[in-house]
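Down below is the structure, laid out as structure tokens.
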Amino acid sequence: MNLLNWLETTIGGEFIFTLLVSMIPVIELRVGIPFGVGLGLPYPVAFTAAVIGNILPAPFIIIYIRRIFQWLRSRFPRLDGMVDALERKAHLKGDKVNRYKYLGLFLFVGIPLPGTGAWTGALAAAFLDMPLRKAMPSIVAGVVLAGCIMTGLTSLGFNLFAAVMA
């Protein structure tokens with residue numbers, strides 16, 4: 001059995017596949033939950049896999065992103081524009097978060113709109129010098145809220161699709 005076959009045909013593989021999809025920046029669990037349900041995972045299992053996958057990168061981003069950006073600038077000067085753009089995005093999002101601190105971070109991560117989520121929230125936390133131990137509870141709670149919203153929307157979407165196709 002090859003890896004892709006295992007990822008698509010076993011509950012363990014589907015869980016891992018959903019977790020991995022939810023770790024990808026931009027799409028995160030907004031795509032991870034419908035993806036997992038589409039693979040055949042029950043809603044609670046898809047929710048769990050997507051939430052775990054979405055949370056996993058956050059502490060590493062908060063701790064290491066500044067060093068990674070500095071390393072990229074020193075080793076690959078051609079990437080300065082991309083790094084500058086990411087820093088600008090983090091600072092712009094950080095302005096929205098900074099006003100309400102950890103509640104703002106929770107709401108920013110928790111409302112699943114384009115440009116929000118755990119990755120951008122962790123970037124904002126890093127550039128606002130929020131300590132990991134204080135930022136992570138807000139990010140985790142925000143990811144859980146976003147997961148609940150996306151699970152509800154996924155259920156609604158799949159149910160509407162089934163009704164239309166019936």
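Side-chain contact check for Leu156 versus Asn159: every heavy-atom pair is 4.5 Å or farther apart. Taking the side chain as every heavy atom from C-beta outward, Tyr100 and Leu107 never approach each other to under 4.5 Å.
Atoms CD1 and CD1, from Ile16 and Ile11 in turn, are 11.5 Å apart once rounded to the nearest 0.5 Å. Between atom OG of residue Ser155 and atom CD1 of residue Ile33 there is a gap of 11.5 Å, rounded to the nearest 0.5 Å. Residue Ile61 holds its CD1 atom at 4.5 Å from CH2 of Trp119, rounded to the nearest 0.5 Å. Note that the OG1 atom of Thr48 and the CG atom of Leu19 stand 10.5 Å from one another [nearest 0.5 Å]. Taken to the nearest 0.5 Å, the CG atom of Asn2 stands 9.0 Å off from the CG atom of Leu7. A distance of 11.5 Å separates CZ in Phe69 from CG in Asp80, rounded to the nearest 0.5 Å.
For Leu105 against Gly121, the heavy-atom pair with the smallest separation is CD1-O, 3.4 Å. When every heavy atom of Leu113 is checked against every heavy atom of Thr116, the shortest pair comes out as O-OG1, 2.7 Å. Taking every heavy atom of both residues into account, Leu128 and Arg66 meet most closely at N-NH2, 4.5 Å. Heavy atoms only, all atoms of each residue included: Phe108 and Gly115 are closest at CZ-O, 3.4 Å. Residues Ala126 and Ile65 share a closest heavy-atom pair of CB-CG2, 3.6 Å. Pairing each heavy atom of Ile62 with each of Met130, the nearest pair is CG2-O, 4.2 Å.
Both Phe106 and Leu132 belong to a common hydrophobic cluster when Ile, Leu, Val, Met, Phe, Trp and Tyr are linked at side-chain heavy-atom distances under 4.5 angstrom. With hydrophobic clusters built from ILVMFWY side chains whose heavy atoms lie under 4.5 angstrom apart, Ile68 shares a cluster with Phe127. Put simply, Leu123 and Ile111 are part of two different groups of oily side chains (I, L, V, M, F, W, Y) that touch within less than 4.5 Å, one to the next.
Side-chain atoms of Glu28 come within 3.5 Å of backbone N or O of Ala118 as a donor-acceptor pair. Within the 3.5 Å criterion, the main-chain N or O of Gly117 finds no donor-acceptor partner in the side chain of Thr120. Not one N or O on the side chain of Trp6 forms a donor-acceptor pair closer than 3.5 Å with the backbone of Gly12.
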Listed pairs under 3.5 Å, donor-acceptor, residues 135-146 side chains, sequence neighbours left out:
{"residue": "Ser138", "atom": "OG", "partner": "Tyr102", "partner atom": "O", "Å": "3.0"}

Check residues 71-79 and write down every donor-acceptor pair under 3.5 Å in which the side-chain atom is one partner and the other belongs to a residue at least two apart or another chain.
{"residue": "Arg73", "atom": "NH1", "partner": "Glu87", "partner atom": "OE1", "Å": "3.4"}
{"residue": "Arg73", "atom": "NH1", "partner": "Glu87", "partner atom": "OE2", "Å": "3.2"}
{"residue": "Arg73", "atom": "NH2", "partner": "Asp84", "partner atom": "OD1", "Å": "2.1"}
{"residue": "Arg73", "atom": "NH2", "partner": "Glu87", "partner atom": "OE1", "Å": "3.3"}
{"residue": "Ser74", "atom": "OG", "partner": "Trp71", "partner atom": "O", "Å": "3.0"}

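Among residues two or more places apart in sequence or in another chain, the side-chain contact (heavy atoms from CB on, under 4.5 Å) test is passed with Thr18 by Ser22, Phe35, Leu39, Leu41, Ala49, Ala50. Under the side-chain contact (heavy atoms from CB on, under 4.5 Å) criterion, Glu8 pairs with Leu4, Phe17, not counting sequence neighbours. With sequence neighbours excluded, the residues satisfying side-chain contact (heavy atoms from CB on, under 4.5 Å) with Arg67 are Ile63, Tyr64.
Pairs engaging residues 138-166 under the ring-ring contact (aromatic ring centres under 6.0 Å, His included) rule: none recorded [sequence neighbours left out].
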